[in-house]
Asker: 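This is the structure I want to talk about, given as structure tokens.
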Amino acid sequence: MVAPRLVLILGDQCSPDIAALAEADRDRDIVVMAEVAEETEYVPHHVKKIAFLFAVMRHFAEDLRADGWTVEYTKLDDPENSGSIDGELLRYAIKHDACEVLATEPGEFRLIERLEAMPLDVLSFEDRRFIARHEDFETWADGRKQLRMEYFYRDMRRKTGLLMDGDQPEGGKWNYDHDNRKPAPDALTYSGPMCFTPDTITEEVLTLVETRFTGSFGALTPFWFAATRAQAKQHLTRWLKEALPSFGDYQDAMLSGERFLYHSITSLYIHVGLLDPLEVCQAAEEAYKSGQAPLNAVEGFIRQIIGWREYMRGIYFHEGPDYTTRNTLNHSRHLPSFFWDANTDMACIRDTVEATRDEAYAHHIQRLMVTGNFALLAGIDPAEVHEWYLAVYADAYEWVEAPNVIGMSQFADGGIVGSKPYISSGNYINKMSNYCKGCAYNVKDKTGDTACPFNTLYWHFLDRHRDRFENNPRMAQMYRTWDRMAEDRRKTVLSDATLFLDRLDEGQRV
Ligand code: FAD
Ligand code: DLZ
Ligand code: SF4
């Protein structure tokens, strides 16, 4: 009899057509799936994220068994659990006398390196769930001075044929973002993502997570995420009908207490394999073709997936394992404790951290222009910011989280992802949300005790990084405004910002 091979399926690889499975032989090979301490501990993950992954993994293992596969599944509390992915592979290799492993390339260099170091023969296949293969991205990046998403996105449109009219973009323009900047509406017409009641498999996971991760960050219940492909599709179908038409208009809006607005909550489902990215985009395109959603909404949504999502993955693998350690701006302040406990007077941050704590989710503008913006203005060590984002969001895996945090949000990569830092004073937050109305600080105050901290920190950031940014054409106007201010006022702004940062360092409530 031919020796079986082990087929490794990681928690975020629960797709029926995942590469390693496509290479395997149902009659010969053994699928290995493992809940392990090492994966739950490399950052202090949100409990809902852990529960979500385990629930998806256990349901997927059942589907595979029903489909005729032999599955070795290790639960976290199995007494023989070795605690790591490579440990579990070794254990099953001994048990089944196997010396070959079929794997799909993990989305993190840490795990890639672990698999490479194994004393087994590991055949790793590229993850084919992405539209752009490594080779495609490298070909696109080759010889370019700047790796801008917009041009990469156009190639993805051509490659997929999505929203294409022959070789021209549907409607004549590649990007309809200028229609997508409406501030928060007074009332929403969408009641939020579809919530699912946990079944017995998920209930068992919730009990395990509750027992094993006491004291960890986040609310475990109510647990409402989809755990199967059928549920995720149900959610998507409703979202396409009820929310997609308004997705574009309010993409950048924020509303206190409204955690999802018109966002799709597809990232976590796509990453683990419950939804296929192309299938999601085709469904959105169909909504446009059948007149159910306008072009600005559908183009904006498709751009996020075949543009930003694919581009971020390309950047992660193009830049290599040291990307997460970059710190171009030499920021070194520790992450304030209110990132964990929401104990702050800043209403925008409090609402974002509370949403994060309860849902393992915050929408893009909260991540970018509230917590990310604050961390950048305050000069927080990007490695600490990276670790926080990787821990707290249910959709956070290094391949997508790091380029968003180190690159887009913290400018720690020196401008690979963005041509200028995403910074703003309180004015932007006030324009796009209703946070400032309920804040202890006053967004109109530029100096003094009641001044919105984003206002003083904004100028502090520009002033301390003047050498780097004053010749950036996209930032020249900011420096002109700063230079036009009276010297006394500039001094007051800077000393107020310094005072605020001192209070932050002393752990005072701000
Ligand atoms: P929607 O707003 O409904 O967007 C639709 C789709 O577009 C989603 O499926 C999402 O996967 C994709 N998408 C949108 N923007 C991006 C982007 N910038 N990069 C990659 N995909 C994108 N996204 C993650 O998936 N994981 C992360 O860990 C993560 N960390 C982030 C950290 C920071 C500081 C910032 C600024 C952004 C981060 N993002 C991350 C990107 C984005 O915020 C999330 O993808 C989005 O909020 C997910 O919610 P949604 O599915 O409701 O997205
Ligand atoms: C994030 C995560 C967690 C919390 N736990 C597991 C686990 O127990 N078993 C597993 O196979 N995968 C887990 N994951 C997902 C991996 O960390 C993920 O595959 C890598 O970060 C690469 O994207
Ligand atoms: Fe945030 Fe400043 Fe507005 Fe308060 S005033 S909610 S700190 S932007």
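Worth knowing before you read on, the calculation uses all heavy atoms, side chains too, and leaves out hydrogens, waters and symmetry mates. None of these values were measured; they are calculated from a predicted model. Atoms within each ligand, like the ligands themselves, are counted from 1 in listed order.
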Asker: Give a yes or no on whether the ring-centroid distance for Phe374 and Phe338 is below 6.0 angstrom.
Answerer: yes
Asker: Can you list the ligand 2 atoms lying under 4.0 Å from a non-hydrogen atom of Glu108?
Answerer: 20 (C), 21 (O), 22 (C)
Asker: Identify, by atom number and element, the atoms of ligand 1 in contact range of Leu368, meaning under 4.0 Å from any of its heavy atoms.
Answerer: 36 (C)
Asker: Keeping His59 on the side-chain end and Ala55 on the backbone end, is there a donor-acceptor pair under 3.5 Å?
Answerer: yes
Asker: For atom 1 (Fe) of ligand 3, which protein heavy atom lies nearest, and how many Å away is it?
Answerer: Cys348 SG, 2.4 Å
Asker: Evaluate the side-chain proximity of Ile302 to Tyr288: yes if any heavy-atom separation is below 4.5 Å, no if none is.
Answerer: no
Asker: Atom 10 (C) of ligand 2: which protein heavy atom is closest, and how many Å away?
Answerer: Gly11 N, 3.4 Å
Asker: Record the part of His271 in heavy-atom contact with ligand 1 below 4.0 Å; permitted values are side chain, backbone, both and neither.
Answerer: side chain
Asker: For ligand 2, does Ile85 get within less than 4.0 Å through its side chain, its backbone, both, or neither, judged by non-hydrogen atoms?
Answerer: side chain
Asker: Could you tell me whether Phe260 and Trp224 have their ring centroids closer than 6.0 angstrom?
Answerer: yes
Asker: Against heavy atoms of Ile265, which atoms of ligand 1 measure under 4.0 Å?
Answerer: 50 (P), 51 (O), 52 (O)
Asker: Does ligand 1 come near enough to Tyr361 that some N or O of the ligand is less than 3.5 Å from an N or O of the residue?
Answerer: yes
Asker: Between the side chain of Arg91 and the main-chain N/O of Asp86, is any donor-acceptor distance below 3.5 Å?
Answerer: no
Asker: Decide yes or no on side-chain hydrogen bond (donor to acceptor under 3.5 Å, both in side chains) for Gln366 and Tyr435, but give the supporting numbers first.
Answerer: CA-CA 11 Å; Gln366 291 175 313; Tyr435 285 138; 3.0 Å; yes
Asker: Could you tell me which atoms of ligand 1, counted from 1 in the order shown, lie closer than 4.0 angstrom to a heavy atom of Val405?
Answerer: 32 (C), 34 (C)
Asker: What's the shortest distance from atom 17 (O) of ligand 2 to any protein heavy atom, and which residue and atom give it?
Answerer: Glu39 OE1, 2.6 Å
Asker: Let's go through Leu188 and Tyr262 carefully: what are the C-alpha distance in whole Å and the side-chain angles of both, what is the deciding distance for side chain to side chain contact (heavy atoms under 4.5 Å, CB included) to 0.1 Å, and is it a yes or a no?
Answerer: CA-CA 8 Å; Leu188 301 180; Tyr262 293 97; 3.7 Å; yes
Asker: Would you check if Ile85 and Glu38 make a side-chain contact, meaning some heavy-atom pair closer than 4.5 Å?
Answerer: no
Asker: Does the side chain of Glu35 come within less than 4.5 Å of Asp78's, by heavy atoms?
Answerer: no
Asker: Nearest protein heavy-atom contact for atom 4 (Fe) of ligand 3: which residue, which atom, what distance?
Answerer: Cys439 SG, 2.3 Å
Asker: Are Trp140 and Tyr151 an aromatic pair, judged by ring center distance below 6.0 Å?
Answerer: no
Asker: Side chain or backbone of Tyr389 under 4.0 Å from ligand 1, or both, or neither, by non-hydrogen atoms?
Answerer: side chain
Asker: Just need the protein heavy atom nearest to atom 9 (N) of ligand 2, so name the residue and atom and give the distance.
Answerer: Ala34 O, 2.7 Å
Asker: Please state which protein non-hydrogen atom is closest to atom 22 (C) of ligand 2 and give its distance, to 0.1 Å?
Answerer: Gly107 N, 3.4 Å
Asker: Would Lys233 pass as a cation-pi partner of Phe196, given that its NZ or CZ must be under 6.0 Å from the six-membered ring centre and within 45 degrees of the axis?
Answerer: no
Asker: Using modelled atom types and a 3.5 Å cut-off, is there a donor and acceptor pairing between side-chain atoms of Glu88 and backbone atoms of Ala34?
Answerer: no
Asker: What residue and atom, counting heavy atoms only, is the protein's closest point to atom 8 (C) of ligand 1, and at what distance?
Answerer: Thr266 OG1, 3.4 Å
Asker: Atom 6 (C) of ligand 1: which protein heavy atom is closest, and how many Å away?
Answerer: Ile305 CG1, 3.5 Å
Asker: Is the positively charged end of Arg229 above the ring of Tyr269, judged by distance under 6.0 angstrom from the centroid and angle within 45° of the axis?
Answerer: no
Asker: Side chain, backbone, both or neither: which applies to Phe260 and ligand 1 if a contact is any heavy-atom pair less than 4.0 Å apart?
Answerer: neither
Asker: Closest by any non-hydrogen atom to atom 45 (O) of ligand 1: pick that one out of Ala243, Pro193, Ser267.
Answerer: Ser267
Asker: Consider ligand 1: state whether an atom of it lies below 4.0 angstrom from any non-hydrogen atom of Tyr422.
Answerer: no
Asker: Select the closest option to atom 46 (C) of ligand 1 among Glu398, Met408, Arg367, His263, judged by heavy-atom distance.
Answerer: Arg367
Asker: Could you identify the single nearest non-hydrogen protein atom to atom 27 (C) of ligand 1 and state the distance to 0.1 Å?
Answerer: Asp395 OD1, 3.4 Å
Asker: Measuring centre to centre across the rings, with the benzene-like ring taken for any Trp, is Trp174 within less than 6.0 Å of Tyr153?
Answerer: no
Asker: Would you say the rings of Phe52 and Phe223 are close, in the sense that their centroids are separated by under 6.0 Å?
Answerer: no
Asker: So which heavy atom in the protein is nearest atom 15 (C) of ligand 2, and how far is it from that ligand atom?
Answerer: Tyr397 CE2, 4.2 Å
Asker: Between Tyr42 and ligand 2, does any nitrogen or oxygen pair lie at a separation below 3.5 Å?
Answerer: yes
Asker: Which is closest to atom 5 (S) of ligand 3 by heavy-atom distance: Asp445, Thr344, Val443?
Answerer: Val443
Asker: Do me a favour and list the nearest non-hydrogen protein atom to atom 16 (C) of ligand 1 with residue, atom name and distance?
Answerer: Trp308 CB, 3.9 Å
Asker: For Asp77, look at atom CG and say whether over 12 heavy atoms of other residues, nucleotides or ligands are found less than 6.0 Å away.
Answerer: yes
Asker: Considering only protein heavy atoms, which is closest to atom 1 (C) of ligand 2, and at what distance to one decimal place?
Answerer: Leu53 CD1, 3.3 Å
Asker: For ligand 1, does Gln304 get within less than 4.0 Å through its side chain, its backbone, both, or neither, judged by non-hydrogen atoms?
Answerer: both
Asker: Using 30° and 60° as the class limits, which term best fits the ring planes of Trp239 and Phe301: parallel, tilted or perpendicular?
Answerer: tilted
Asker: Looking only at protein heavy atoms, which one is nearest to atom 8 (O) of ligand 2, and what is the separation?
Answerer: Val36 N, 2.9 Å
Asker: Where does Ala396 meet ligand 1, judged by heavy-atom distances below 4.0 Å: at the side chain, the backbone, both, or neither?
Answerer: both
Asker: So which protein heavy atom does atom 19 (O) of ligand 2 come closest to, and at what separation?
Answerer: Asp12 OD1, 2.6 Å
Asker: Counting from 1, what ligand 1 atoms have a heavy atom of Ser409 closer than 4.0 Å?
Answerer: 34 (C)
Asker: When you measure from atom 53 (O) of ligand 1 to every protein heavy atom, which one gives the shortest distance, and what is it?
Answerer: Ser264 OG, 4.1 Å
Asker: What protein heavy atom lies closest to atom 5 (C) of ligand 1? Include the residue and the distance to one decimal.
Answerer: Phe301 CE1, 3.5 Å
Asker: Report, in ascending order of atom number, the atoms of ligand 1 lying under 4.0 Å from any heavy atom of Met312.
Answerer: 19 (N)
Asker: Nearest heavy atom to atom 8 (S) of ligand 3 wins, so pick from Ser433, Cys452, Ala440, Ser425.
Answerer: Cys452
Asker: Nearest non-hydrogen contact with atom 38 (C) of ligand 1 belongs to which option: Ile365, Asn404, Leu376?
Answerer: Asn404
Asker: Is Phe247 near ligand 1, meaning one of its heavy atoms is under 4.0 Å from it?
Answerer: yes
Asker: Using side-chain heavy atoms (C-beta onward) and a distance below 4.5 Å, is Ile423 in contact with Phe411?
Answerer: no
Asker: Side chain to side chain contact (heavy atoms under 4.5 Å, CB included), that's the test. Do Thr74 and Tyr92 meet it? Break it down for me.
Answerer: CA-CA 10 Å; Thr74 309; Tyr92 289 121; 2.7 Å; yes
Asker: How close does the nearest protein non-hydrogen atom get to atom 3 (Fe) of ligand 3, and which residue and atom is it?
Answerer: Cys436 SG, 2.3 Å
Asker: Can you report which non-hydrogen protein atom sits closest to atom 42 (C) of ligand 1, along with the distance?
Answerer: His364 ND1, 3.3 Å
Asker: Hey, is ligand 1 close enough to Trp239 that some N/O pair sits below 3.5 Å?
Answerer: no
